Peer 1: 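First, the structure itself, so that you have it in front of you.
A quick note: this is a predicted structure, and the numbers were derived from the prediction, not measured.
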Amino acid sequence: QVQLVESGGGLVQAGGSLRLSCTASGRSLSNYAMGWFRQAPGKEREFVVTISRRGEITFYADSVKGRFTISRDNAMNMVYLQMNSLKPEDTAVYYCAASVGISPVTTDRRYNYWGQGAQVTVSS
């Protein structure tokens, strides 16, 4: 079992940047494909990005492509989400998730472990 904790959220103006971190404990993250999801107030949780176990494959939601970058450091048991050119519609609670599957996945029900979430607020 793995425990995930997100950090790095906060308040930023539109056009600004934030970097979210996901720290894992309990097991090596190299055993998991990882993903970031987000949930805005009154909306369902949505897929943001996923990365394969060794980081060679990534897949982004169209809404963040070209602005967000996922990366991982398995030696440090960390996953990162660099968010640039932020927009007010990016405001949400962002969740880090781990999947025991080999391939990166975009469906939240395929993820086995979740962090508690980090609030990101983008002001206009």
Peer 1: Distance-only, no hydrogens or angles: does the R72 side chain make a donor-acceptor pair with backbone N or O of V79 under 3.5 Å?
Peer 2: no
Peer 1: What's the separation between atom CG in N31 and atom CZ in R53, rounded to the nearest 0.5 Å?
Peer 2: 6.0 Å
Peer 1: What distance do Q119 atom CD and E6 atom CD have between them, rounded to the nearest 0.5 Å?
Peer 2: 12.0 Å
Peer 1: Establish, yes or no, whether a centroid distance under 6.0 Å links the rings of W114 and F37.
Peer 2: yes
Peer 1: Looking only at heavy atoms, what is the nearest atom pair of T91 and V122, with distance?
Peer 2: OG1-N, 2.9 Å
Peer 1: Pairs of donor and acceptor atoms involving the side chains of residues 96-111, under 3.5 Å and at least two apart or interchain, shall be tabulated with distances.
Peer 2:
from, atom 1, to, atom 2, distance (Å)
S99, OG, G101, N, 3.2
S99, OG, R110, O, 3.1
D108, OD2, R45, NE, 3.4
D108, OD2, R45, NH2, 3.4
Y111, OH, T50, OG1, 3.0
Y111, OH, V105, O, 2.5

Peer 1: Of all heavy-atom pairs between R38 and E46, which one has the smallest distance, and what is that distance?
Peer 2: NE-OE2, 2.5 Å
Peer 1: Do Q3 and S25 touch side chain to side chain, with heavy atoms closer than 4.5 Å?
Peer 2: yes
Peer 1: Mind checking whether T69 and L81 have side chains closer than 4.5 Å, heavy atoms only?
Peer 2: no
Peer 1: Less than 4.5 Å apart, side chain to side chain, heavy atoms only: is that true for L29 and M34?
Peer 2: yes
Peer 1: Using distance only, find each side-chain donor-acceptor pair of residues 7-24 under 3.5 Å and give its atom names and separation, not counting sequence neighbours.
Peer 2:
from, atom 1, to, atom 2, distance (Å)
S17, OG, N84, OD1, 2.9

Peer 1: For the pair D73 (side chain) and M76 (backbone), establish whether a donor and an acceptor sit closer than 3.5 Å, ignoring hydrogens and angles.
Peer 2: yes
Peer 1: Using a 3.5 Å distance criterion without hydrogens, assess whether the side chain of Q82 forms a donor-acceptor pair with backbone atoms of F68.
Peer 2: no
Peer 1: Check the hydrophobic clustering (I, L, V, M, F, W, Y; side-chain heavy atoms under 4.5 Å; chains of links allowed) and say if Y95 and I51 are grouped together.
Peer 2: no
Peer 1: For R27 and Y32, which heavy atoms make the closest approach, and how far apart are they?
Peer 2: CD-OH, 3.3 Å
Peer 1: Using a 3.5 Å cut-off and no angle test, enumerate the donor-acceptor pairs between side-chain atoms of residues 57-65 and protein atoms at least two apart in sequence or in another chain.
Peer 2:
from, atom 1, to, atom 2, distance (Å)
Y60, OH, I70, N, 2.9
D62, OD1, K65, NZ, 3.1

Peer 1: What pair of heavy atoms forms the shortest contact from R67 to L86, and how long is it?
Peer 2: NH1-CA, 3.8 Å
Peer 1: Report yes or no: does D90 contribute a side-chain atom to a donor-acceptor pair with the main-chain N or O of M83 at less than 3.5 Å?
Peer 2: no
Peer 1: Spell out, yes or no, whether Y80 and W36 are grouped together once hydrophobic residues are joined by side-chain heavy atoms under 4.5 Å, including indirect joins.
Peer 2: no
Peer 1: Kindly give the heavy-atom pair with the smallest separation between R54 and N74, and that separation in Å.
Peer 2: CA-ND2, 4.3 Å
